[in-house]
Amino acid sequence: MSEFHCQVAQIVPLTKVVYKVELIPSVPVDFKAGQYVLVHMGENDKRPFSIASAAYENQRIELHIGADENNAYATEVLERMKNDGEITLSGGHGEAYLQPNGNPMILIAGGTGFSYTYSILKQALHDDPQAEVHLYWGGRHVEDLYLFDELTSLAEQHSHFSFLPVVEFAHDDWTGRTGWVHHAVLADYPSLAETQVYIAGRFEMAKTARDDFKARGMDSDNLFGDAYAFI
């Protein structure tokens, strides 16, 4: 995969622990929506992060990096970018990219796994504004769903797109879905035989979802997620 150099355009907080990083590559980058880049920290230290920007936005790379004080893996990447103002990446990597087949698309994200689904969502609506897309985004708290307002507005603009936020620990005034994000999908789909599913989050969630979805008729060829290359 190609290696390329980027200038750091901005790093802005999305929550107390999640940051949006905008990078400007020296040349337009060829990647597919849903792929990831490797951040080169050293010759034998290359760290993967999903691309949040769509493939048609190939003159910029957007990343959403969750970096709390206990996550040195991500915090070190942010510090390198802040201090140096530049970074080397390679990509795009991964086989779980957007591959529409005419069936309704279900996008499932846990936490910052949202960046993977965000790239796919934007590309899918750009390529076909009439595409049927349903985004389920799960977070521990509603504040973790950092693009809640933007996605709500986007759903109002696209009659075939729905945004379904799922909160694990909800406030008393929360009237939306609660619990595990993939359980919300199971509640809505007695059968998943005629759907495509793209999923990103913890490996444990991805594995459980795969088992549960197969029991609902999910064709493994229509289930996409980078986790499935490892579990």
Side-chain angles (χ1 to χ4, degrees), residues 12-21 34 49-52 62-71 73-75 96 104-122 124-125 132-192 195-213 215-216 218 223-228 231:
V12 297
L14 294 168
T15 72
K16 292 180 179 180
V17 296
V18 179
Y19 296 84
K20 180 176 79 170
V21 177
F49 292 91
S50 293
I51 304 171
E62 181 178 324
L63 308 177
H64 297 174
I65 298 180
D68 62 36
E69 59 185 9
N70 298 315
N71 185 356
Y73 187 87
T75 301
M105 285 181 272
I106 302 172
L107 314 181
I108 305 170
T112 52
F114 167 71
S115 56
Y116 164 78
T117 59
Y118 193 39
S119 174
I120 290 173
L121 170 63
K122 289 188 290 183
L125 295 181
E132 184 178 346
V133 187
H134 308 283
L135 170 62
Y136 292 77
W137 185 10
R140 292 174 61 83
H141 307 281
V142 67
E143 294 83 4
D144 297 328
L145 309 182
Y146 45 83
L147 291 188
F148 186 100
D149 292 341
E150 289 84 346
L151 292 166
T152 300
S153 176
L154 189 63
E156 292 171 351
Q157 298 169 32
H158 292 269
S159 59
H160 298 283
F161 165 57
S162 61
F163 168 47
L164 301 107
V166 183
V167 178
E168 189 171 355
F169 302 106
H171 299 308
D172 291 341
D173 59 353
W174 174 251
T175 59
R177 306 291 188 89
T178 58
W180 291 359
V181 64
H182 92 280
H183 283 179
V185 177
L186 293 171
D188 291 345
Y189 290 86
S191 172
L192 289 162
T195 64
Q196 268 197 325
V197 173
Y198 297 84
I199 187 168
R202 295 184 180 277
F203 278 16
E204 296 87 346
M205 183 268 282
K207 182 180 185 303
T208 301
R210 178 176 60 187
D211 295 341
D212 289 345
F213 292 171
R216 292 287 177 91
M218 178 93 251
L223 179 62
F224 300 92
D226 287 319
Y228 298 130
I231 60 175

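Here the structure is a predicted model, which is why all the values come from computation and not from measurement.
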When you look at Trp137 and Tyr146, which way does the ring pair (Phe, Tyr, Trp, His ring centres under 6.0 Å) test go after all the steps? CA-CA 10 Å; Trp137 185 10; Tyr146 45 83; 5.0 Å; yes
Met205 and Ile199: CA distance, side-chain angles, deciding distance, side-chain contact (heavy atoms from CB on, under 4.5 Å) verdict: CA-CA 9 Å; Met205 183 268 282; Ile199 187 168; 3.4 Å; yes
I would like to know whether Thr15 and Glu143 meet side-chain contact (heavy atoms from CB on, under 4.5 Å); could you show each step before the answer? CA-CA 7 Å; Thr15 72; Glu143 294 83 4; over 6 Å; no
Begin with the C-alpha distance, continue with both residues' side-chain angles, and end with the deciding distance and a verdict on salt bridge (Lys or Arg N to Asp or Glu O under 4.0 Å) for Asp211 and Lys207. CA-CA 6 Å; Asp211 295 341; Lys207 182 180 185 303; 3.6 Å; yes
Candidate pair Leu186 and Phe213, rule side-chain contact (heavy atoms from CB on, under 4.5 Å), full reasoning: CA-CA 8 Å; Leu186 293 171; Phe213 292 171; 3.8 Å; yes
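When all heavy atoms of Ala109 and Thr117 are compared, the pair lying nearest together is CB-OG1, 3.6 Å. Here the shortest heavy-atom pairing between Thr195 and Met218 reads O-CE, 3.3 Å.
Atom CD of Glu69 sits in a sparse spot, with 12 or fewer heavy atoms from other residues, nucleotides or ligands closer than 6.0 Å. In this structure, Arg216 places its CZ atom where more than 12 heavy-atom neighbours from other residues, nucleotides or ligands lie under 6.0 Å away.
With Lys16 contributing its side chain and Asp68 its backbone, the two residues share no donor-acceptor pair below 3.5 Å. Although no hydrogens or angles enter the test, the distance criterion places a donor-acceptor pair under 3.5 Å between the side chain of Tyr116 and the main chain of Ala96. No donor-acceptor pair closer than 3.5 Å links the side chain of Arg177 to the backbone N or O of Tyr136. In this structure, the side chain of Trp174 engages the main chain of Gly176 through a donor-acceptor pair within 3.5 Å. A distance-only check finds no donor-acceptor pair linking the side chain of Ser153 to the backbone of Glu150 [under 3.5 Å].
A distance of 5.0 Å separates CZ in Phe224 from CD in Gln196, rounded to the nearest 0.5 Å.
Using a 4.5 Å cut-off on side-chain heavy atoms (C-beta onward), Arg210 and Ile231 make contact. Here the side chains of Leu154 and Phe161 are in contact, with some heavy-atom distance below 4.5 Å. Counting heavy atoms from C-beta on, the side chains of Phe114 and Leu107 never come closer than 4.5 Å. Side chains of Leu151 and Leu145 form no contact here, defined as non-hydrogen atoms less than 4.5 Å apart.
Across Ile120, Leu121, Ile106, a single residue satisfies side-chain contact (heavy atoms from CB on, under 4.5 Å) together with Leu135, and that is Leu121.
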